[in-house]
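One structure below.
Here, residue 1 is the first one in the sequence, and each next residue gets the next number. Everything numeric in this text was worked out from a predicted model, so none of it was measured.
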Amino acid sequence: MKKITVLVLLFIFSITINAQDCVVTIKSPRLGVWDFAPKGVVLCNETTDTELLSLSDNFDTYQWYKKYFTDTTFEPVQGATSSTLLAGGLDDMLHHFKVVVTKGACTAESEMVLIDGFAYAIPSIVAEFEVGAYENPDAGVYNVCNGTKVQLSNFFDVLYGKHIWYNDYPSTIPPVKEDPAIIPDERGASITVTESGTYGFYACTEYCPNNCEVLESFITLNFGDWDFCTLGVDDPTLEKHVAPHPNPTTNLLFLGGKDMGISLFNEINIFDMTGKKIKSFTNHGIMNPIDVSDLSSGAYIIMAKDQNANHYKNRFIKR
């Protein structure tokens with residue numbers, strides 16, 4: 001009985017060795033580098049970039065297959081019967097590849113590898129302002145309150161890793177070290193700005209060092225002591241009887257008070273924090289509520305004019 005047991009164990013062990021010999025895995029330098037494509041290769045351009053797919057071991061025979069990523073059936077790649085395959089360009093982009101190999105009596109098939117799209121996106125800038133500290137009088141132009149900060153970031157920070165930031169339009173592209181528009185020592189995907197200027201960046205991908213782009217539309221920031229910079233919730237510098245209440249509010253807002261000595265506002269305007277007029281009212285009774293239930297949550301500026309041509313303004317928060 002003991003001899004039979006030993007023979008069975010040896011037989012199982014032999015099968016295990018043969019199975020291990022027939023496991024095939026595709027390797028490539030850039031396979032799985034990007035988190036969003038763990039089983040894919042992202043190319044650097046759509047025409048000339050290629051990737052060498054190779055195997056983890058040597059086998060007796062090889063046959064490579066490919067299919068478009070939305071198809072269900074693989075087709076053999078003609079002439080692809082070696083241990084490596086050079087893939088890339090428009091003909092291979094967005095195609096899955098696999099290989100079938102034999103070694104002795106066993107046959108094995110690899111997992112699929114996707115030749116993905118290419119590492120490119122049009123650079124885009126995101127500006128983050130302090131609430132109530134800016135207005136947007138024109139496209140790409142912002143008036144910003146002195147003493148506040150603006151964070152500028154590349155929207156595609158994962159893609160574009162190496163940046164050169166400017167506070168004016170650059171003299172040449174690619175940039176030259178002597179360009180006075182370059183902000184020294186700023187190479188990250190975001191910067192914090194406290195001074196007026198026209199800001200933008202030139203960026204290259206770390207994954208594809210030759211893929212570099214300059215921001216198409218720069219952003220102009222004008223820091224100053226603008227009129228809206230004095231606005232605040234229940235700002236003590238303004239007439240208390242015109243302070244919006246309740247503040248914050250969810251549905252209705254009141255401007256009036258019994259002690260105002262007027263019966264109505266000739267005009268009331270509500271603006272968002274970019275300076276865009278959102279609502280307008282005329283001949284609004286002093287004790288009547290203003291319906292703001294349809295406004296999105298955030299900060300707003302309200303301006304009013306009474307029968308005596310007195311002007312009022314303040315800020316309120318819509319929950």
| task | Verify the cluster assignment for Phe118 and Leu86: are they in a single hydrophobic cluster under the rule of side-chain heavy atoms below 4.5 Å apart? | result | no
| Note, Leu255 side chain near Phe265 side chain (heavy atom, < 4.5 Å) | yes
| query | Any side-chain heavy-atom pair from Lys162 and Arg187 closer than 4.5 angstrom? | reply | no
| query | Are Val24 and Val100 close enough that some pair of their side-chain heavy atoms sits under 4.5 Å apart? | reply | no
| Is the side chain of Gln63 donor-acceptor paired with the backbone N or O of Val77 at a distance under 3.5 Å, no angle test? | yes
| field | is_close_aromatic(Phe69, His96), centroid dist under 6.0 Å | value | no
| query | How far does CD of Glu213 sit from CG of Leu159, to the nearest 0.5 angstrom? | reply | 10.0 Å
| field | Minimum side-chain heavy-atom gap Lys103-Val101 below 4.5 Å | value | no
| Expected output: side-chain Thr249 to main-chain Leu252 donor-acceptor under 3.5 Å | yes
| message | According to a hydrophobic-cluster definition based on side-chain heavy atoms being under 4.5 Å apart (Ile, Leu, Val, Met, Phe, Trp, Tyr only), do Val141 and Leu221 belong together? | response | no
| Phe156 backbone acceptor or donor facing Asn154 side chain under 3.5 Å | yes
| Lys NZ or Arg CZ of Lys305 over Tyr312 ring: under 6.0 Å, within 45° | no
| message | If we ignore hydrogens and angles and just use 3.5 Å, is the side chain of Tyr207 paired with the main-chain N or O of Gly161 as donor and acceptor? | response | no
| Just checking, is any N or O donor in the side chain of Thr220 or Thr198 under 3.5 Å from an acceptor N or O on the other one? | yes
| Student check: side-chain heavy atoms of Leu94 and Ile115 closer than 4.5 Å | no
| said: Under the rule for salt bridge (charged side-chain N to carboxylate O under 4.0 Å, His left out), what residues qualify as partners of Lys149, not counting sequence neighbours? | reply: none
| note | With sequence neighbours left out, the residues meeting side chain to side chain donor-acceptor pair (under 3.5 Å) with His95 are none
| query | Say you draw a straight line from CZ of Phe59 to SG of Cys22; how long is it, rounded to the nearest 0.5 Å? | reply | 6.5 Å
| query | Got a donor-acceptor contact below 3.5 angstrom from the Asn45 side chain to the Thr48 backbone? | reply | yes
| N-O pairing of Asp272 and Lys277 below 4.0 Å | no
| field | Non-neighbouring partners of Tyr169 that pass ring pair (Phe, Tyr, Trp, His ring centres under 6.0 Å), sequence neighbours left out | value | Phe218
| Cluster link Leu31 to Val42, ILVMFWY, side chain under 4.5 Å | yes
| message | Within a 6.0 Å radius of atom CD on Glu111, are there more than 12 heavy atoms belonging to other residues, nucleotides or ligands? | response | no
| message | Looking at Ile317, is its backbone amide N or carbonyl O close enough to the side chain of Asn247 to form a donor-acceptor pair, meaning the two atoms are under 3.5 Å apart? | response | yes
| said: Determine whether a donor-acceptor pair (N or O, by modelled atom type, separation under 3.5 Å) exists between the side chain of Ser82 and the backbone of Thr84. | reply: yes
| task | Taking the side chain as every heavy atom from C-beta outward, state whether Ile270 and Ile301 have any pair of such atoms under 4.5 Å apart. | result | no
| request: Spell out, as yes or no, whether a donor-acceptor pair under 3.5 Å connects the side chain of Asp92 to the backbone of Ala87. | output: no
| field | Pairs touching residues 280-309 that satisfy ring-ring contact (aromatic ring centres under 6.0 Å, His included), sequence neighbours left out | value | Phe281-His284, Tyr300-Phe316
| query | Tyr202 and Trp165: side-chain contact (heavy atoms from CB on, under 4.5 Å), yes or no, with the steps? | reply | CA-CA 7 Å; Tyr202 176 86; Trp165 285 89; over 6 Å; no
| field | Expected output: side-chain Asn211 to main-chain Thr205 donor-acceptor under 3.5 Å | value | no
| Asp71 vs Thr73, side chain to side chain donor-acceptor pair (under 3.5 Å): CA-CA, chis, key distance, verdict | CA-CA 6 Å; Asp71 293 342; Thr73 304; over 6 Å; no
| Criterion salt bridge (charged side-chain N to carboxylate O under 4.0 Å, His left out) on Lys279 and Asp294, from CA distance to verdict | CA-CA 10 Å; Lys279 282 179 172 288; Asp294 58 335; 3.3 Å; yes
| field | SB check Asp49 Arg30 (cutoff 4.0 Å) | value | yes
| task | Calculate, to the nearest 0.5 Å, the distance between atoms SG and CH2 belonging to Cys145 and Trp226 respectively. | result | 9.5 Å
| query | Any ion pair linking Glu75 and Lys66 (charged N to carboxylate O, less than 4.0 Å)? | reply | no
| field | Ser110 side chain to Val99 backbone, donor-acceptor under 3.5 Å | value | yes
| message | The test is side-chain contact (heavy atoms from CB on, under 4.5 Å); show your working for Phe201 and Val214 and say whether it passes. | response | CA-CA 6 Å; Phe201 58 81; Val214 66; over 6 Å; no
| message | Under a 3.5 Å cutoff, is there a donor and acceptor pairing between the side chains of Thr107 and Thr102? | response | no
| Reported CZ-to-CD1 distance for the pair Phe254 and Ile290, which is rounded to 0.5 angstrom | 9.0 Å
| said: Within a 6.0 Å radius of atom CD1 on Ile122, are there more than 12 heavy atoms belonging to other residues, nucleotides or ligands? | reply: no
| field | Partner residues of Tyr160 under the ring pair (Phe, Tyr, Trp, His ring centres under 6.0 Å) criterion, sequence neighbours left out | value | none
| field | Residues forming a side chain to side chain donor-acceptor pair (under 3.5 Å) with Ser263, sequence neighbours excluded | value | Gln307
| Quick one: are Leu152 and Ile219 in side-chain contact, heavy atoms under 4.5 Å? | yes
| message | If I take atom CG from residue Asn146 and atom CG from residue Asn222, how far apart are they, to the nearest 0.5 angstrom? | response | 11.0 Å
| said: For Phe129 together with Tyr134, are the ring centres under 6.0 Å from each other? | reply: yes
| request: Go through Lys67 and Met112 one step at a time and tell me if the side-chain contact (heavy atoms from CB on, under 4.5 Å) criterion holds. | output: CA-CA 10 Å; Lys67 72 175 183 71; Met112 296 184 301; 4.1 Å; yes
| task | Evaluate the side-chain proximity of Val150 to Val144: yes if any heavy-atom separation is below 4.5 Å, no if none is. | result | yes
| message | Is there a path of hydrophobic side-chain contacts, each under 4.5 Å between heavy atoms, that joins Phe97 and Trp34? | response | yes
| Could you state the interatomic distance from CD (Glu186) to OH (Tyr199), rounded to the nearest 0.5 Å? | 10.0 Å
